Amino acid sequence: MATTPLHFSSFLPLLSHPHKLSFRSLSKTLDPALTPCRPTPICCRASPQTPEDSVETKGTGAAAPTRGDVYLERQQATSATAFVLEKDNQDKSRRKRKVGAKFPNKAACCYGCGAPLQTAEIDAPGYVIAETYELKKRHHQLRTVLCGRCKLLSHGHMVTAVGGHGGYPGGKQFISAEELRDKLSHLRHEKVLIVKLVDIVDFNGSFLSRIRDLAGANPIILVITKVDLLPRGTDLNCIGDWVVEATTKKKLNVVSVHLTSSKSLVGITGVISEIQKEKKGRDVYILGAANVGKSAFINALLKLMAKRDPIAAAARKYKPMQSAVPGTTLGPIQIEAFQGGGNLFDTPGVHLHHRQAAVVHSDDLPSLAPQSRLKGQSFPITSNGTATGQETVGLNGYSLFWGGLVRIDVIKVLPKTRLTFYGPKKLKVHMVSTVVADEFYHEQLGITLTPPTDREKTESWIGLQIVKQLNIKFEDTRRYISIILSSNLECILITFIQRPACDIAISDSEQAGELHLAVHVPKPVEVFLRPPMPVGKAGEEWYQYQDLTEKEEELRPKWFY
């Protein structure tokens, strides 16, 4: 029977719809000689043929294709098949690039700190006794193992693991701060939800100015922690507005701001609602500076979620370790805390060299962590315990020591200027004459000026190596309050206040002037000026809300408490 010759144009309609094209349909369209067929039984096989007889004829006469036509059709079919397969491979590689590379976390890790479990070095993080490791591995229970370092932390021991922090130079058993930061570098390439924690008593020091390098374009829920440590009488409406105004200047993708306390659970419910609203099936990562309270916040989060979510209740059994040591968490800790997809991750804290925690010995770290509400210490002090009135002693020519960590030399200030220190109770302020300040520091370091807490630690103490000269201009001392903040102690250091009584006449020279101070701190610590935070009862009086247009109000993130 004669057959119609097949040309390349016969399968062009299929190429216009590549999703309908398959090997089987393509083989049927092409030369039947290319179509796979079942093997012929031996009994039915014909005798061998010569090459001339093996050519299958298609039609007779002029309609019969030549050998060149058959060869051309086969080459065209092979090219079409290669085109379809290449396009399919390109689509697959494009889909892989969109997914992105997840953080590799195949090794079993300690559920308390996230360090990989190991049995070789007893002083290194993640150490587990070999017998315990093999037993847990045999029963598939490595996720329930707590390393030796975490056990010491749970009993109050201050064990550091980050080289260069906590008074230790680092070594083989230490992890560098750069390695911890690299463990978070993959987040900017993924689609996740970032919950960023900031300590309210060290706002600038714990905000992480380079957070964009870690979070990328991902949405950020900003959580302000430790609001229960603010002085009594602080108006949280002023604090919330102040935080939002400072955050807006950072130009980050912040969806909302929450004032919280992990200790009293204030504001945690609002964070949970916001996470459920913005999560959308994505993983949730908790980011923040070292010792900002990430593990404590996660424990508070799981505690409230466990009341309605059985998955969160089960996750509380193996919750991250929390301690006063910066760098407690050494690796991402995955927590199955949500129903309907997505995990919660506790991450290593970002270590900042300009904080006092980077230079203070680990034994002295608890003295820098406030445990109760901050209470201001004002200088100069009068006979009745206040810093106002005609009998106040001037500050010119005096030096103030805040423990053994900070020294402020008052060179020139305006009349009736007050310095108010907000910090932990264990950190005392001493005021002496600048003439004998050097001698007083060397004699009392480790005794009355603590930390360092004893004479043995003073031998390795680096001392106050940096002197920062500050010139602060006051245009109207009745309305403006300036704050000097040394980003280290998780607290507001110094407040300059010139607030004369209403019944006292003030000259123009007294309303404006310049303050000249010299601040001595350890070498890595930074000293700078920033707008004042409205703390205490006086903050509500002088704080002024910024007038915004409707568009500006709409663009600013909302804050909740």
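What you see is a predicted model, and the numbers here were worked out from it, not measured in a lab. In what follows, every heavy atom counts, from backbone to side chain, and hydrogens, waters and symmetry copies are set aside.
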Notebook entry, point to check: More than 12 non-hydrogen atoms from neighbouring residues, nucleotides or ligands closer than 6.0 Å to CD1 on Ile129, yes or no?
Noted result: no

Notebook entry, point to check: Would Arg556 and Asp241 count as a salt bridge (charged side-chain N to carboxylate O under 4.0 Å, His left out) if you check the C-alpha gap in whole Å, the side-chain angles of each, and the deciding distance to 0.1 Å?
Noted result: CA-CA 10 Å; Arg556 282 179 36 146; Asp241 187 78; 3.2 Å; yes

Next item on the list: Please report the C-alpha distance between Asp202 and Lys226 in whole Å, then the side-chain angles of each, then the deciding distance to 0.1 Å, and finally whether the side chain to side chain contact (heavy atoms under 4.5 Å, CB included) criterion is met.
Entry: CA-CA 10 Å; Asp202 188 12; Lys226 304 179 183 180; over 6 Å; no

Item checked: Expected output: side-chain Asn218 to main-chain Val192 donor-acceptor under 3.5 Å -> yes

Check: Does NZ or CZ of Lys375 lie under 6.0 Å from the centre of the six-membered ring of Tyr422, at an angle within 45° of the ring axis?
Finding: no

Item checked: Enclosure of Arg143 CZ (heavy-atom neighbours >12, cutoff 6.0 Å) -> no

Next item on the list: Determine, step by step, whether Leu304 and Ile272 satisfy the side chain to side chain contact (heavy atoms under 4.5 Å, CB included) criterion, reporting the C-alpha distance in whole Å, the side-chain angles of both residues, the deciding distance to 0.1 Å, and the verdict.
Entry: CA-CA 9 Å; Leu304 293 183; Ile272 296 175; 3.8 Å; yes

Notebook entry, point to check: Would you say Glu336 has more than 12 foreign heavy atoms packed within less than 6.0 Å of its CD?
Noted result: no

Item checked: Sub-4.5 Å side-chain heavy-atom contact between Ser256 and Phe560 -> yes

Margin query: Does any part of the side chain of Lys183, heavy atoms only, come nearer than 4.5 Å to the side chain of Pro332, both counted from C-beta?
Written below: yes

Next item on the list: Identify the heavy atoms of Pro451 and Leu427 that sit nearest to each other, and give their distance.
Entry: CD-CD1, 3.4 Å

Check: In Å, rounded to the nearest 0.5 Å, how long is the span from CG of Leu302 to CZ of Arg316?
Finding: 7.5 Å

Check: Looking only at atom types and distance, does a side-chain atom of Thr144 sit under 3.5 Å from a main-chain N or O of Gln141, one as donor and one as acceptor?
Finding: yes

Note to self: If the condition is ring pair (Phe, Tyr, Trp, His ring centres under 6.0 Å), which residues does Tyr561 pass it with, not counting sequence neighbours?
What the structure shows: none

Next item on the list: Give a yes or no on whether the backbone of Gly536 and the side-chain of Thr234 come within a donor-acceptor separation of less than 3.5 Å.
Entry: yes

Notebook entry, point to check: How are the rings of His186 and Tyr285 set to each other: parallel, tilted or perpendicular (split at 30° and 60°)?
Noted result: perpendicular

Note to self: To check you understand the geometry: which heavy-atom pair defines the closest contact between Pro219 and Asn253, and what is its length?
What the structure shows: CA-ND2, 3.5 Å

Margin query: With heavy-atom distances below 4.5 Å as the criterion, would you say the side chains of Cys113 and Arg149 are in contact?
Written below: yes

Note to self: Here's a test for you: under side chain to side chain contact (heavy atoms under 4.5 Å, CB included), which of Val254, Ile275, Val284 qualifies with Ile221?
What the structure shows: Ile275

Notebook entry, point to check: Quick one: does Val406's side chain get under 4.5 Å of His520's, heavy atoms only?
Noted result: no

Next item on the list: Could you tell me whether the side chains of Asn299 and Ser262 share a donor-acceptor contact shorter than 3.5 Å?
Entry: no

Note to self: Within the structure provided, determine whether Tyr133 and Val145 are in side-chain contact (heavy-atom separation under 4.5 Å).
What the structure shows: no

Item checked: Sub-4.5 Å side-chain heavy-atom contact between Ile286 and Phe345 -> no

Check: Hey, is the main chain of Ile333 close enough, under 3.5 Å, to the side chain of Asp346 for a donor-acceptor pair?
Finding: no

Checklist line | OG1 on Thr225 to NZ on Lys263, rounded to 0.5 Å | finding: 13.5 Å

Note to self: For a side chain to side chain contact (heavy atoms under 4.5 Å, CB included) check, start with the C-alpha distance between Tyr441 and Leu464, then their side-chain angles and the critical distance, and finish with the verdict.
What the structure shows: CA-CA 10 Å; Tyr441 183 76; Leu464 308 178; 3.6 Å; yes

Margin query: For Ile239, run the side chain to side chain contact (heavy atoms under 4.5 Å, CB included) check against Ile224, Ile200, Val244, Val227 and tell me which one passes.
Written below: Ile200

Checklist line | Point-to-point distance, once rounded to the nearest 0.5 Å, from CG of Leu208 to CG of Leu197 | finding: 10.0 Å

Checklist line | Any side-chain heavy-atom pair of Lys319 and Ile298 under 4.5 Å | finding: no

Check: So, the side chain of Arg407 versus the backbone of Gly403: is there a donor-acceptor pair under 3.5 Å, distance only?
Finding: no

Check: When rounded to the nearest 0.5 angstrom, what distance separates NE2 in His430 from CD in Gln377?
Finding: 9.0 Å

Item checked: Donor-acceptor contact below 3.5 Å, side chain His140 vs main chain Lys136 -> no

Checklist line | Polar side-chain atom of Gln118 near backbone of Ala120 as donor-acceptor pair, under 3.5 Å | finding: yes

Notebook entry, point to check: Does Lys279 make a cation-pi contact with Phe338, if we ask for NZ or CZ under 6.0 Å from the ring centre and within 45° of the axis?
Noted result: yes

Checklist line | Nearest heavy atoms of Ser295 and Gln322, plus distance in Å | finding: CB-CB, 3.8 Å

Next item on the list: Find the distance between CG (Leu152) and SG (Cys147) and round it off to the nearest 0.5 Å.
Entry: 8.5 Å

Check: Between Thr132 and Val128, is there a donor-acceptor pair closer than 3.5 Å when you use the side chain of the first and the backbone of the second?
Finding: no

Next item on the list: Compute whether any side-chain donor of one residue and acceptor of the other, for Asp199 and Ser206, lie under 3.5 angstrom apart.
Entry: no

Check: Closest heavy-atom contact between Phe203 and Met533?
Finding: CB-CE, 4.2 Å

Notebook entry, point to check: What's the spacing between His258 NE2 and Trp559 CH2 if we round to 0.5 Å?
Noted result: 11.5 Å

Next item on the list: Using a 4.5 Å cut-off on heavy atoms from C-beta on, say whether the side chain of Pro320 contacts that of Ile335.
Entry: yes

Note to self: Taking the cut-offs as 6.0 angstrom to the six-membered ring centre and 45 degrees off its axis, would you call Lys428 and Phe421 a cation-pi pair?
What the structure shows: no

Notebook entry, point to check: Closest approach of Thr420 and Gly376, non-hydrogen atoms and distance?
Noted result: CG2-CA, 3.9 Å

Next item on the list: Determine, step by step, whether Val257 and Lys558 satisfy the side chain to side chain contact (heavy atoms under 4.5 Å, CB included) criterion, reporting the C-alpha distance in whole Å, the side-chain angles of both residues, the deciding distance to 0.1 Å, and the verdict.
Entry: CA-CA 6 Å; Val257 178; Lys558 302 296 185 295; over 6 Å; no

Next item on the list: Compare every heavy atom of Leu287 with every heavy atom of Lys294, then report the nearest pair and how far apart it is.
Entry: CD-C, 3.7 Å

Note to self: With a 3.5 Å distance limit and no angle check, can you tell me whether Thr458 reaches the backbone of Trp461 through a side-chain donor-acceptor pair?
What the structure shows: no

